[in-house]
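Everything below concerns the one structure shown next.
Order of listing sets the numbers, starting from 1, for every ligand and every atom in it.
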Amino acid sequence: MPTFEEAYYKIEKKNVEIKDYIDKIHYEKIYCPECLTAPLHIVRKQNVFPYYASNSKQAHLEDCQHYEDYITKKNLNKLIESKNNEDEKRLKFLINNNLQGAINLLIKNEIIENVTVENSIKKTSTNQLKISSNEYKYDRIPRVSINRLLGKKEEFIDNYLIIWGIANIESKDYERMNSTTGKKFKIKKLIFRVKENFKFSIQLSENQIKHYKELPQNSMNKGFAVFGLIKSNNGFLELKILTTEHLQYL
Ligand SMILES: [Zn+2]
């Protein structure tokens, strides 16, 4: 049974933490913070801090990470390190589908939040792809909303995961020099912020820059989903991506 620390309160369109839950107000009016669809309820047990839970995995939307089982960290790392062709295909399937699930939810949630209807219909027909589930078992890769990233920072460091949400994205180019060969090379830094607040960055290598399709300068409120390894650089989060294919924009 999936459990949660926050629940989406539809009437005010905001998340409610456990400490702010009030029976009179929120009872039967809270939902999964990711798909906004599965009803949640509060669970209070002796000697356990209260938490939210949904009744079943199937109450969530198929695109929600809580709909099915997670792949274990060990199995995910094994797939990433494997040179076996079948493993590579399975990994590609998992990453693509999990990223697409996040993008689909962004589209859907935007519709709920009343983006102009014409706009959403257009977006849905061009971007929302049906997840192909017949090839491999569709395990979930852990996914974290950019808004919740810093709150659980320590838990995420050195893990592969998907970060998704809406961000202001700034792109900066740098030239660096290899200290042994003296050869100059370029890097690109993508900085993800919510409002003015720094959340994480991605550094693209010279080779990745060639495959990266630049956004319009300093894109605001851009929907995205990205898969990579979370690292801490002097307390700032950096996401290492394996390929630019793992960075998708809405
Ligand atoms: Zn859900």
Side-chain angles (χ1 to χ4, degrees), residues 1-21 23 25-44 48-73 76 93-115 120 123-124 127-133 136-152 155-156 159-167 194 199 223-227 230 248 250:
M1 189 174 64
T3 65
F4 305 80
E5 292 166 11
E6 277 180 358
Y8 182 71
Y9 177 47
K10 261 188 195 167
I11 294 170
E12 285 185 3
K13 292 184 180 167
K14 64 171 197 185
N15 286 354
V16 180
E17 286 179 42
I18 290 281
K19 65 174 172 53
D20 300 319
Y21 177 89
D23 261 328
I25 298 174
H26 302 114
Y27 181 69
E28 290 193 331
K29 292 191 180 66
I30 49 171
Y31 297 85
C32 166
E34 187 166 308
C35 65
L36 318 183
T37 300
L40 300 191
H41 55 269
I42 195 160
V43 180
R44 294 187 178 98
V48 183
F49 197 74
Y51 57 88
Y52 295 119
S54 60
N55 292 327
S56 70
K57 289 193 169 94
Q58 284 70 39
H60 295 262
L61 289 185
E62 238 175 284
D63 288 320
C64 181
Q65 65 173 320
H66 305 291
Y67 185 78
E68 268 162 312
D69 292 331
Y70 290 106
I71 184 164
T72 61
K73 183 179 174 179
L76 182 58
F93 168 87
L94 284 180
I95 295 173
N96 286 347
N97 280 298
N98 276 281
L99 285 173
Q100 190 60 50
I103 293 287
N104 287 350
L105 283 178
L106 281 173
I107 296 169
K108 186 162 184 305
N109 295 354
E110 263 196 41
I111 295 170
I112 289 176
E113 311 258 302
N114 291 330
V115 171
S120 358
K123 273 187 190 167
T124 309
N127 284 340
Q128 194 160 20
L129 297 175
K130 185 77 194 124
I131 285 168
S132 53
S133 53
Y136 299 96
K137 186 172 176 291
Y138 179 22
D139 290 322
R140 299 305 153 127
I141 293 171
R143 198 189 274 169
V144 58
S145 146
I146 187 166
N147 298 315
R148 305 199 58 213
L149 187 63
L150 297 191
K152 305 201 123 193
E155 215 175 278
F156 299 135
N159 282 281
Y160 278 97
L161 46 78
I162 287 173
I163 305 175
W164 71 298
I166 304 214
V194 174
K199 298 291 175 181
F224 74 95
V226 57
F227 171 80
I230 287 271
Q248 295 189 6
L250 181 63

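- Geometry at the Zn ion (ligand 1): SG/C32 and SG/C35 form an angle of 110°, nearest 10 degrees.
- The closest donor-acceptor contact from the side chain of N97 to the backbone of F93 lies under 3.5 Å.
- Panel note: side chain N98, backbone D139; a donor-acceptor pair is recorded below 3.5 Å.
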Exercise. Begin with the C-alpha distance, continue with both residues' side-chain angles, and end with the deciding distance and a verdict on side chain to side chain donor-acceptor pair (under 3.5 Å) for H60 and S54.
Key: CA-CA 8 Å; H60 295 262; S54 60; 2.9 Å; yes

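- Not a single N, O or S atom of H66, from either the backbone or the side chain, sits less than 2.8 Å from the Zn ion (ligand 1).
- If you look at H60 and ask which of its N, O or S atoms sits nearest the Zn ion (ligand 1), the answer is ND1.
- Between D23 and R44 a salt bridge is recorded (basic side-chain N to carboxylate O distance below 4.0 Å).
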